[in-house]
**Q** 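Here it is: the structure, laid out below.
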Amino acid sequence: MGFDLRPPGSLIEVASRLEDAGFEAWAVGGAVRDHLLGIERGDWDLATNARPDQVVELFRRTVPLGVEHGTVGVLSPDGSLYEVTTFRRDVETDGRHAVVAFAESIDEDLARRDFTINAIAWRERTAELRDPWDGRADLEARILRAVGDPADRFAEDYLRVLRGLRFAGTYELTFDPPTREALEASVPGLDRLSAERVREELVKVLAARHPSHALRLYRDTGALGVWYPEIARHAYDAGWDEALAAIDELNPRDGLLRLCRLLLVIPALRSDEEEIDPGMAAVATVVARLKLSKAEQRRILHLYRHFLPLVSPVDSSAQVREWLSEIGPGTERDLFRMHFAAARAAGAEDSVNALVFMWRRVHGERLSGAPIELADLALNGTDILALGVEPGPLVRLLLDELHARVLEDPDLNTQEALLREARELVDMAGLGQTSKEPEEK
Ligand code: ATP
Ligand code: MG
């Protein structure tokens with residue numbers, strides 16, 4: 001046989017300790033698959049016939065990662081964490097959970113895995129590659145095929161539908177036709193999954209170099225409609241391809257920004273703040289359904305809301321500052337990232353150049369120290385009250401007016417000048433208690 005996959009030395013150490021104790025240690029799953037594809041990665045998983053308590057006993061530092069599933073985390077001396085899982089077989093499945101029992105052989109263990117390309121095992125001690133489902137041939141032919149009967153496999157765990165779309169999309173594989181057919185027929189079962197598992201899958205799709213392939217498969221198979229009907233409704237709009245192309249251009253490490261770009265296929269009303277924008281409402285529904293953290297939900301909604309209008313090259317400096325104050329602190333970089341991505345995706349050199357120009361101005365305004373936020377005003381609510389204005393909404397109205405004037409003319413932002421402006425406004429409106437002069441007859 002003789003097959004060398006060149007795993008990290010620390011993995012070999014972990015495997016050797018198991019082998020020296022008389023157990024089998026097989027590298028399995030994603031790392032084996034990716035290695036065969038020429039993609040190096042560090043997160044190797046091991047399958048073994050040692051029981052979890054025996055694994056725990058063999059190693060100095062272990063972490064109970066999922067002992068009920070037979071998984072023990074082993075910390076190697078160099079600090080890498082490897083998952084060591086006892087061979088398993090499914091006893092009972094219901095589409096979302098599985099009751100598993102320990103199995104005796106690697107072949108049994110491989111038979112319960114989802115796709116042939118994920119059902120390849122490699123044993124360092126004997127340099128043996130175990131591939132009972134011909135996953136290697138499928139990898140070479142770039143085919144995604146379920147292990148065994150596809151309809152049964154999806155019905156055992158509907159997450160495999162989403163995993164299938166992810167693998168086919170991110171590795172650009174073609175579905176084996178019966179697998180594709182069963183996958184599509186299983187799409188309605190997706191509604192039985194938990195939000196956490198569905199979200200985790202989406203996060204992995206969005207972390208791929210080019211999520212567009214998998215996202216297009218989500219749409220074409222109908223999977224998008226189950227968990228993301230608000231997006232699916234617009235997946236054939238003109239903006240869809242544009243959105244996917246932009247997502248591919250965004251940083252894979254900022255999945256949330258990519259998700260935001262995807263949600264932007266939902267049209268926004270973008271009129272005055274008072275109105276309830278159905279687009280905003282739909283986006284809020286999606287991110288809540290996915291159970292994103294409150295902070296993540298806020299970030300997405302905020303960017304969605306301020307995506308447009310963007311500042312434009314003909315805007316004055318005052319307008320740039322107004323725009324910055326409108327979108328709020330810490331927002332412009334993300335908004336520009338999304339617009340840059342779209343322009344790059346479209347190959348629109350003029351738009352990219354215009355964006356570079358605008359970004360310099362926006363960034364320059366931000367760095368200039370010119371007052372932008374309400375909090376930058378050299379005068380606050382207490383100062384307004386000291387002028388004799390009754391506490392209440394009027395205070396805020398006055399501050400907003402002064403804020404607008406300062407955005408227009410930053411030189412106004414001294415306490416002296418603003419107090420003068422404020423007094424004038426108060427007198428003009430007859431608001432101050434001290435300025436209640438007898439009306440002219
Ligand atoms: P990646 O880590 O790149 O997302 P992976 O293939 O390693 O891909 P994991 O979720 O880490 O995916 O799972 C490791 C292995 O466990 C898979 O390769 C597959 O053999 C098996 N596996 C994981 N989830 C399932 C599932 N829902 N059904 C069947 N087998 C699964
Ligand atoms: Mg993995």
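Here the structure is a predicted model, which means the values were calculated and not measured. Whatever order the structure lists them in is the order used to number ligands and atoms, beginning at 1.
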**Q** Only counting residues at least two apart or in another chain, list the ones meeting ring pair (Phe, Tyr, Trp, His ring centres under 6.0 Å) with H234.
**A**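 Not a single residue meets the ring pair (Phe, Tyr, Trp, His ring centres under 6.0 Å) criterion with H234.
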**Q** Distance check, rounded to the nearest 0.5 Å: R33 atom CZ versus I120 atom CD1?
**A**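 R33 atom CZ to I120 atom CD1 measures 9.0 Å (nearest 0.5 Å).
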**Q** Could you give the side-chain donor-acceptor pairs of residues 186-195 under 3.5 Å, partners two or more places apart or in another chain?
**A**
unit_1: S186; atom_1: OG; unit_2: A182; atom_2: O; d: 2.6
unit_1: R192; atom_1: NH2; unit_2: D94; atom_2: O; d: 2.6
unit_1: S194; atom_1: OG; unit_2: R197; atom_2: N; d: 3.3

**Q** Can you list the residues that meet the ring pair (Phe, Tyr, Trp, His ring centres under 6.0 Å) rule with W240, with sequence neighbours excluded?
**A**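 Per chain and number, W240 pairs via ring pair (Phe, Tyr, Trp, His ring centres under 6.0 Å) with no residue.
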**Q** Strictly under 4.0 angstrom, heavy-atom based: which residues surround ligand 1?
**A**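 Answer by chain and number: G29, G30, R33, R41, R112, R113, D114, N118, D157, R160, R163, R166, F167, K204.
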**Q** What class does the angle between the rings of F115 and F167 fall in, given that below 30° is parallel, 30 to 60° is tilted and above 60° is perpendicular?
**A** perpendicular
**Q** Mind checking whether F336 and F340 have parallel, tilted or perpendicular rings, split at 30° and 60°?
**A** tilted
